[in-house]
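Contents: one structure, followed by commentary.
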Protein chains: 2
Amino acid sequence: MKPKLAIITLGVTDMAVAKKFYEQGMGLVPEKESCDSITFYDMNGVWLSLYPKDKLAEDVTISTEGNGFSGVTIAHNEPSKEEVRKVIEQARSAGGRIIKEPQNVFWGGYSGYFEDPDGHLWEIAYNPFVDLT
Amino acid sequence: MKPKLAIITLGVTDMAVAKKFYEQGMGLVPEKESCDSITFYDMNGVWLSLYPKDKLAEDVTISTEGNGFSGVTIAHNEPSKEEVRKVIEQARSAGGRIIKEPQNVFWGGYSGYFEDPDGHLWEIAYNPFVDLT
């Protein structure tokens with residue numbers, strides 16, 4: 001397996017709400033391959049996708065039931081603490097719930113977490129050691 | 001927010017088991033920034049990370065409790081149906097549970113799903129319309 005991710009798909013319960021959050025709120029622009037039933041955002045070569053959670057479970061062929069911590073987080077890095085704070089404020093303005101306000105963290109960086117309207121967890125981080133911005 | 005993902009973190013319950021699956025099983029090579037408590041794989045610019053699930057929840061500042069469908073899937077694409085089958089067989093040999101055997105799917109592609117030792121869901125897909133390999 002070549003070490004390359006193609007798509008990270010987030011199950012959503014209300015596509016319009018999720019699209020509003022990611023597009024009007026966070027400024028992402030859907031790819032032309034998007035349609036009513038699925039939305040794609042090109043995140044620099046890896047696509048982020050929004051798809052109804054029940055249909056996603058159906059595609060996997062598992063039950064849609066699930067609750068609590070998903071065990072998955074998505075990190076987006078910024079080049080400075082100030083930029084981290086800006087993205088967290090953008091998420092707050094977009095209606096995202098800020099779970100952890102930006103702060104210095106144990107590994108030597110600076111980060112905060114928000115969740116999207118479906119509870120998917122995003123870390124916004126400044127990493128002074130490795131540039132993944 | 002620049003449309004760029006930095007790290008996808010998968011919470012794991014047993015790091016040794018997860019590392020064995022992804023490294024000996026799936027052939028991924030850890031980055032030098034990895035250490036006993038966290039593992040990073042460079043997936044062509046986006047890092048995939050393994051981190052203890054309880055510590056991940058602690059970092060987010062939420063409860064570690066959760067079960068059932070996570071609502072998140074990771075897709076890895078291959079350039080042909082045959083290559084999809086090969087990766088699914090690789091996952092099977094590595095001890096991954098094959099949830100959906102590779103098959104033609106409704107959107108016109110070909111894909112299968114496996115779950116890793118912690119239940120994280122991977123789709124291995126051939127997409128004849130968009131090349132994300």
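Throughout, a chain's letter reflects where its sequence line sits, starting with A, and its residues are numbered from 1. Below, all heavy atoms of this structure are taken into account, side chains as well, without hydrogens, waters or symmetry copies.
Both the backbone and the side chain of B/L5 come within contact range of chain A, with heavy atoms under 4.5 Å apart. With a threshold of 4.5 angstrom between heavy atoms, B/V12 does not approach chain A through any atom at all. Of the two parts of A/Q90, only the side chain, counted from C-beta on, holds a non-hydrogen atom closer than 4.5 Å to a non-hydrogen atom of chain B. Contact of B/E115 with chain A is not made at all, since no heavy-atom distance falls under 4.5 Å. With a 4.5 angstrom heavy-atom cutoff, B/T64 touches chain A via backbone and side-chain atoms both. With a 4.5 angstrom heavy-atom cutoff, B/L121 touches chain A only via side-chain atoms. Looking at A/E123, only its side chain comes within 4.5 Å of chain B, counting heavy atoms on both sides. For a residue to count as touching a neighbouring chain, one of its non-hydrogen atoms must lie under 4.5 Å from one of that chain's; by this rule A/L28 touches chain B with the side chain only. Contacts between B/I62 and chain A at a heavy-atom distance below 4.5 Å involve the side chain alone, from C-beta outward. Proximity to chain A (any heavy atom under 4.5 Å) is shown, for B/V60, by both the backbone and the side chain. For a residue to count as touching a neighbouring chain, one of its non-hydrogen atoms must lie under 4.5 Å from one of that chain's; by this rule B/D42 touches chain A with the backbone only. B/V72 touches chain A through backbone and side chain together, each having a heavy atom under 4.5 Å away. Looking at B/E78, the atoms closer than 4.5 Å to chain A (heavy atoms on both sides) all sit in the side chain, from C-beta outward. For A/T73, the parts sitting under 4.5 Å from any heavy atom of chain B are the backbone and the side chain alike. At a 4.5 Å heavy-atom cutoff, A/V29 makes no contact with chain B through either its backbone or its side chain. Using a 4.5 Å cut-off between heavy atoms, A/Y113 touches chain B through its side chain atoms alone. If you measure heavy-atom distances from A/F129 to chain B, you find no contacts under 4.5 Å at all.
B/L132 and B/V105 fall within the same hydrophobic cluster, defined by Ile, Leu, Val, Met, Phe, Trp and Tyr side-chain heavy atoms under 4.5 Å apart, directly or through other members. In the hydrophobic cluster analysis, where Ile, Leu, Val, Met, Phe, Trp and Tyr join through side-chain heavy atoms closer than 4.5 angstrom, B/Y51 is grouped together with A/W107. In the hydrophobic clustering of ILVMFWY residues, with side-chain heavy atoms under 4.5 Å counting as a link, A/L48 and A/M15 come out together. Taking hydrophobic clusters as Ile, Leu, Val, Met, Phe, Trp and Tyr residues chained together by side-chain heavy-atom distances below 4.5 Å, B/L56 does not share a cluster with A/I74. Hydrophobic clustering, with ILVMFWY side chains joined whenever heavy atoms are under 4.5 angstrom apart, groups A/L50 together with A/F21.
Counting heavy-atom pairs closer than 4.5 Å to chain A, the top-ranked of the candidates B/A91, B/P3, B/G119, B/G112 is B/P3. Across B/A75, B/S49, B/G45, B/S111, the residue that shares the most heavy-atom pairs under 4.5 angstrom with chain A is B/A75. Residue with the most contacts toward chain A among B/Y41, B/W47, B/W122: B/W47 (heavy-atom pairs, distance under 4.5 Å). Counting heavy-atom pairs closer than 4.5 Å to chain A, the top-ranked of the candidates B/S70, B/G11, B/G27, B/S63 is B/S70. Between chain A and the options B/N127, B/I124, B/T61, heavy-atom pairs under 4.5 Å are most frequent for B/T61. Of all the listed residues (B/I99, B/N67, B/V87), the one sharing the greatest number of non-hydrogen pairs under 4.5 Å with chain A is B/N67. Note on A/T133, A/L10, A/D118: by heavy-atom pairs under 4.5 Å with chain B, the leading option is A/T133.
Pairing each heavy atom of A/F69 with each of B/A57, the nearest pair is CE2-CB, 3.8 Å.
By the 4.5 Å heavy-atom criterion applied to side chains, B/V130 and A/F40 are not counted as neighbours. Under the 4.5 Å side-chain criterion, counting only non-hydrogen atoms from C-beta, A/M43 is in contact with B/M1.
Without hydrogens or angle criteria, B/H76 side chain to A/K4 main chain gives a donor-acceptor distance under 3.5 Å.
Taking CZ of B/F106 as the reference point, atom OG of A/S37 lies at 7.0 Å (rounded to 0.5 Å).
Applying the 6.0 Å contact sphere to CD of A/Q103 captures more than 12 heavy atoms from other residues, nucleotides or ligands.
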